[in-house]
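Each remark here refers to the structure printed beneath this line.
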Protein chains: 2
Amino acid sequence: MTSDTTLPHYPAAMAQLDSVGSTLLKAAGDLLATEGPAALTVRRIATAAGVSTMNVYSRFGGKDGVVEHLFVEGFSRLGEAMNAGQASDDSIADIRVCGLAYRRFAIEHQTLYSVMFDRVVPDFQPSIDAQVLAGSTLQLLATRLDRAMTAGALRSADPLRTAALVWATCHGVVSLELKAVGPAAIDWPAVYDDAMGMIIRGLS
Amino acid sequence: MTSDTTLPHYPAAMAQLDSVGSTLLKAAGDLLATEGPAALTVRRIATAAGVSTMNVYSRFGGKDGVVEHLFVEGFSRLGEAMNAGQASDDSIADIRVCGLAYRRFAIEHQTLYSVMFDRVVPDFQPSIDAQVLAGSTLQLLATRLDRAMTAGALRSADPLRTAALVWATCHGVVSLELKAVGPAAIDWPAVYDDAMGMIIRGLS
DNA sequence: ACGATGCGATAACAATGTTATCTCAACGTT
DNA sequence: AACGTTGAGATAACATTGTTATCGCATCGT
């Protein structure tokens with residue numbers, strides 16, 4: 001629903017992409033989604049886009065440039081997903097909705113999520129700008145938490161630091177679920193629900 | 001302190017390693033710790049150990065075999081670290097000590113931690129046995145939580161599921177800290193303390 | 001003492017990211 | 001209008017990776 005409006009932190013670099021550049025990016029995204037990070041090779045991206053290998057270098061400066069675009073695009077889409085549910089009169093319920101949207105995004109876009117949060121592409125390090133943009137996703141959550149605090153539903157605290165805590169908790173559960181560490185018997189969706197309950201109770 | 005005793009889940013494969021094999025493993029571990037996952041190449045491991053490349057294949061079946069050994073060794077050492085503080089009469093304090101030991105391990109062994117929890121080595125997937133062993137680390141935490149529950153310090157719940165929740169929370173905070181996502185202004189050690197407080201309060 | 005066997009080192013191979021070379025079409029200048 | 005220049009893009013080359021094949025030679029059994 002926010003797709004028709006301009007996102008506040010949307011990367012400027014994405015706007016000045018020509019047709020070949022955007023085709024390459026789309027091919028890379030599809031490749032990542034369908035075959036995983038191992039399929040993200042320069043040659044496969046180029047051939048999937050129907051252009052020659054060198055375009056990756058002239059447009060993006062190399063493989064890492066493509067990955068960085070996927071990285072920032074991932075955070076933009078994550079921000080959209082968390083922002084989908086609008087604010088209601090129940091600030092606690094809003095936080096729950098936000099958390100569930102977070103998990104849904106991670107599950108539905110596992111490989112993209114792994115590019116954003118794991119070091120799945122060797123030697124790739126997001127630029128400072130990209131990291132700042134990634135961090136700005138926290139503001140969404142901080143705003144929601146601040147509202148819950150002023151409404152008295154949560155105890156007062158630094159909203160940004162609290163947002164980091166909530167984010168880390170959600171990320172941790174999703175992360176372990178996706179990596180399948182721990183006994184297979186663990187009901188991770190239930191653990192995620194437990195986590196949201198623990199967050200609400202622990203911060204009240 | 002448990003290094004002179006047999007660990008319950010210590011991988012049997014490590015016991016039947018000859019001198020060359022253990023030298024290779026040591027070289028790989030040092031390489032990983034000092035230069036990061038990118039330095040973990042078959043040739044560098046072998047030359048660092050002073051043997052020829054083929055030994056990696058005859059001993060471990062390839063690079064992934066070495067990585068799997070580092071993987072299970074990492075979880076064994078993590079288990080040791082979390083088990084270092086013995087049980088006291090304050091079950092809540094024990095849990096805090098356990099959590100702090102977890103963070104210290106992750107910070108002190110960042111690259112090993114990334115092998116254990118990020119997909120930092122392309123195409124490496126731990127075997128089922130290794131995953132089970134990794135999951136068994138949860139038992140340590142589950143035991144501590146169970147004691148706190150029977151002592152009345154925490155509300156009753158499935159200990160294993162609660163352990164998964166606590167583990168995921170700690171992992172999430174450490175993980176985001178190590179990856180430096182989010183604003184640089186965030187005081188992650190403080191967030192970690194917040195997390196432990198939230199856990200205790202949220203599960204009481 | 002001689003042949004077989006098997007281990008290990010060297011070399012070869014496929015695939016990766018990246019860089020260099022080369023071609024040729026489009027443009028400006030006279 | 002013709003010619004030199006420039007620049008983009010494709011092909012090919014290069015270094016490095018994991019892995020496999022080949023070959024030599026020591027060791028063991030008979």
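Each chain gets a letter, A, B and so on, in the order the sequences are listed, and its residues count up from 1.
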Of the listed nucleotides D:dT11, D:dG9, C:dT18, the one nearest the side chain of A:Arg43: C:dT18
Could you give the distance from CE (A:Met116) to CZ (A:Phe75), rounded to the nearest 0.5 Å? 4.0 Å
Do A:Phe105 and A:His109 have ring centroids that are under 6.0 Å from one another? yes
Separation of D:dG18 C1' from B:Ile45 CD1 (nearest whole Å): 11 Å
Assign A:Leu40 to base, sugar-phosphate, or nothing according to its heavy-atom contacts below 4.0 angstrom with the strands shown. sugar-phosphate
Report the distance from atom CD1 of B:Ile107 to atom CH2 of B:Trp188, rounding to the nearest 0.5 Å. 11.0 Å
Whole-Å gap separating P (C:dG17) and OH (A:Tyr57): 6 Å
Could you tell me how far apart A:Arg44 (CZ) and C:dT18 (P) are, to the nearest whole angstrom? 18 Å
Whole angstrom value for the distance that separates P of C:dT19 from CG of A:Asp64: 11 Å
Show the numbers, then the answer: is there a side-chain contact (heavy atoms from CB on, under 4.5 Å) between B:Thr162 and A:Asp194? CA-CA 8 Å; B:Thr162 309; A:Asp194 291 350; over 6 Å; no
Atom NZ of A:Lys63 and atom P of C:dA15 are separated, to the nearest Å, by 16 Å
Side-chain atoms of A:Ser52 come closest, of D:dG18, C:dT18, D:dT11, to D:dT11
Can you tell me which nucleotide in D:dA10, D:dG18, D:dT19 comes closest to the side chain of A:Met54? D:dA10
Do the side-chain N or O atoms of A:Asn55 get closer than 4.0 angstrom to the phosphate oxygens (OP1, OP2) of D:dA8? no
